[in-house]
Amino acid sequence: MRTVAFPASLTADLADHLDTYAEPGRTGMLFTGARGGQLRRNNFRRLWLQALATTGLGDVHFHDLRHTGNTLAATGGATTRELMQRMGHSSVRAALIYQHLVNGRDQAIAAHVDEQITKVRPAESDEASGT
């Protein structure tokens, strides 16, 4: 078991889910079957397809949720080690998948480096006046 922080904007949705669907208590299951039992591979797909139909999400695989969350974490600057911790993986292989998917980070990295240089470089007016 591991603890993973989640976005604050999801707090109300998570609280609603816990109140409506989850078993009570700290050790209660978050997702249960129609009769309150443990979800199994053979009944999960049917429930997942019902949820997709209800929400109109279309062809979304359950693992896509994990993939999206980790890709967003990578775009937020999560390191390989941080991604590994969030995913519960002991090797870098999976974490690198999410980091390679992040496009446009090169410009953000360059902008950050530029910001650091600008902080320590004397202002041009100071250089011109010899101060």
Side-chain angles (χ1 to χ4, degrees):
M1 181 177 2
R2 68 184 183 282
T3 301
V4 178
F6 64 93
S9 60
L10 299 178
T11 302
D13 295 317
L14 181 59
D16 182 51
H17 173 85
L18 293 173
D19 289 343
T20 307
Y21 301 105
E23 290 182 333
R26 293 180 53 87
T27 60
M29 289 186 286
L30 295 177
F31 303 98
T32 58
R35 289 182 249 151
Q38 183 176 0
L39 285 178
R40 305 250 186 251
R41 185 175 288 219
N42 61 350
N43 67 359
F44 177 78
R45 179 159 172 74
R46 179 180 49 80
L47 294 170
W48 178 249
L49 292 175
Q50 287 174 352
L52 290 177
T54 301
T55 59
L57 287 176
D59 188 27
V60 176
H61 298 91
F62 188 73
H63 193 268
D64 293 342
L65 302 175
R66 177 180 169 92
H67 188 79
T68 299
N70 287 310
T71 300
L72 291 172
T75 61
T79 65
T80 303
R81 177 60 59 195
E82 290 165 335
L83 288 171
M84 288 170 59
Q85 176 66 32
R86 289 184 68 78
M87 294 184 292
H89 290 167
S90 58
S91 76
V92 298
R93 184 176 170 268
L96 290 176
I97 291 169
Y98 300 103
Q99 289 181 322
H100 286 291
L101 289 173
V102 179
N103 295 321
R105 286 281 301 149
D106 192 44
Q107 185 58 47
I109 292 166
H112 174 76
V113 171
D114 184 59
E115 183 181 318
Q116 301 311 305
I117 292 169
T118 303
K119 285 180 181 178
V120 297
R121 179 179 275 170
E124 288 186 31
S125 61
D126 292 343
E127 289 178 9
S129 66
T131 60

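- Leu57 and Val60 get closest at one heavy-atom pair: O-CG2, 3.5 Å.
- No donor-acceptor distance shorter than 3.5 angstrom exists from the side chain of Thr20 to the backbone of His17, with no hydrogens or angles considered.
- Counting only distance, with no hydrogens or angles, the side chain of Thr68 and the backbone of Leu65 share no donor-acceptor pair below 3.5 Å.
- Under the side-chain contact (heavy atoms from CB on, under 4.5 Å) rule, Leu30 has a single partner from Leu39, Leu18, Leu14, which is Leu18.
- Under a 3.5 Å cut-off, the side chain of Asp64 and the backbone N or O of His61 do form a donor-acceptor pair.
- Arg86 places a side-chain N or O within 3.5 Å of a backbone atom of Ala5 that can act as its donor or acceptor partner.
- The minimum heavy-atom distance between Asn43 and Arg40, with the atom names listed, is OD1-O, 2.6 Å.
- To the nearest 0.5 Å, atom OG1 of residue Thr11 and atom CG of residue Asp16 are 12.5 Å apart.
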Practice prompt. Using the side-chain contact (heavy atoms from CB on, under 4.5 Å) rule, take Arg45 and Phe62 through it: C-alpha gap first, then chi angles, then the decisive distance, then the call.
Written response: CA-CA 9 Å; Arg45 179 159 172 74; Phe62 188 73; over 6 Å; no

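- Residue Arg66 comes nearest to Met87 through the heavy atom pair NH2-O, 2.9 Å, listed as atom of the first residue, atom of the second, then distance.
- Here the CG-CG distance, from Asp59 to Leu52, works out to 8.0 Å after rounding to the nearest 0.5 Å.
- Within a 6.0 Å radius of OH in Tyr21, other residues, nucleotides and ligands contribute 12 heavy atoms or fewer.
- A parallel orientation is assigned to the rings of Phe44 and Trp48, their planes being inclined by less than 30° (bins at 30° and 60°).
- The shortest non-hydrogen separation linking Ala95 to Met84 is CB-CG, 3.7 Å.
- Connectivity analysis of hydrophobic side chains (ILVMFWY, heavy atoms under 4.5 Å, direct or indirect) links Val120 to nothing; its cluster partners are none.
- Closest approach of Leu72 to Thr75, counting heavy atoms only: O-OG1, 2.7 Å.
- Tracing side-chain contacts under 4.5 Å through hydrophobic residues (I, L, V, M, F, W, Y), one never reaches Phe6 starting from Met29; they form parts of separate clusters.
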